[in-house]
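Keep in mind that this is a model prediction, so the values were computed, not measured.
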Amino acid sequence: QVQLVESGGGLVQPGGSLRLSCAASGFTFSRYTMSWYRQAPGKERELVASITSPGGSTNYADSVKGRFTISRDNAKNTVYLQMNSLKPEDTAVYYCKAAWLHGQYDYWGQGTQVTVSS
């Protein structure tokens, strides 16, 4: 069965860093565009970053450009989100998403909480 399991979230002070991981199983990971989304309380879920395969073309929300880096390791079936210079407004539940064939196959993880606070 398909599984996407996020990890690496937690509490960090403003200016700090976290590295999120999403471990995938149950599908051909290398075929999928992988993305990180986030949803803050009372707000819509938004795309944070995405990465294609196998070339690794990336896309970032303007709010995180220069601070976040998405990467993937197809051999490990894992996608990462390196988050630097974190701000309180980055506080959200971060979700991993796998997409293939224009959304014909979309899978979501359960999310991991990131809290940026003093």
Kindly compute the distance separating [atom1] ([X]) from [atom2] ([Y]), expressed to the nearest 0.5 Å.
X: Phe27; Y: Gln1; atom1: CZ; atom2: CD; value: 12.5 Å
X: Ser117; Y: Leu11; atom1: OG; atom2: CG; value: 6.5 Å
X: Asp73; Y: Ser30; atom1: CG; atom2: OG; value: 11.5 Å
X: Asn74; Y: Met34; atom1: CG; atom2: CE; value: 9.5 Å
X: Leu18; Y: Met83; atom1: CG; atom2: CE; value: 4.5 Å
X: Lys97; Y: Thr33; atom1: NZ; atom2: OG1; value: 9.5 Å

Please report the shortest heavy-atom distance between [X] and [Y], naming the atom on each side.
X: Arg67; Y: Ser85; answer: NH1-O, 3.0 Å
X: Val48; Y: Val64; answer: O-CG2, 3.6 Å
X: Tyr95; Y: Gly109; answer: CD2-O, 3.6 Å
X: Ala92; Y: Gln113; answer: O-NE2, 3.4 Å
X: Tyr60; Y: Lys65; answer: O-CE, 3.3 Å

Measure the shortest side-chain to side-chain distance between [X] and [Y] over non-hydrogen atoms and say whether it is less than 4.5 angstrom.
X: Ser71; Y: Val79; result: no
X: Pro88; Y: Gln13; result: no
X: Gln3; Y: Tyr107; result: no

Is a side-chain N or O of [X] found less than 3.5 angstrom from the main chain of [Y], in a donor-acceptor match?
X: Thr78; Y: Lys76; answer: yes
X: Gln110; Y: Glu6; answer: no
X: Thr112; Y: Gly9; answer: yes

Would a hydrophobic clustering, with Ile, Leu, Val, Met, Phe, Trp and Tyr connected at side-chain separations under 4.5 Å, put Leu81 with Val12?
-> yes

Say whether Ile70 and Trp100 are linked into one hydrophobic cluster, either directly or through other cluster members, by side-chain heavy-atom distances under 4.5 angstrom.
-> yes

Is there a donor in the side chain of [X] and an acceptor in the side chain of [Y], or the other way round, less than 3.5 Å apart?
X: Ser25; Y: Asn77; answer: no
X: Arg45; Y: Tyr37; answer: no
X: Asn84; Y: Ser17; answer: yes

Can you say whether the rings of Tyr32 and Tyr105 are parallel (under 30°), tilted (30 to 60°) or perpendicular (over 60°)?
-> perpendicular

Just grab all the disulfide bond (SG atoms under 2.5 Å apart) pairs involving residues 73-118, residues at least two apart or on different chains.
-> Cys22-Cys96

Answer yes or no: does atom CD of Glu89 have more than 12 heavy-atom neighbours from other residues, nucleotides or ligands under 6.0 Å?
-> yes

Arg31, CZ: over 12 other non-hydrogen atoms inside 6.0 angstrom | no

So does Lys87 pair up with Asp90, basic N to acidic O under 4.0 Å?
-> no

Positive for side chain to side chain contact (heavy atoms under 4.5 Å, CB included) with Leu20, one of Tyr80, Trp36, Phe68 = Trp36

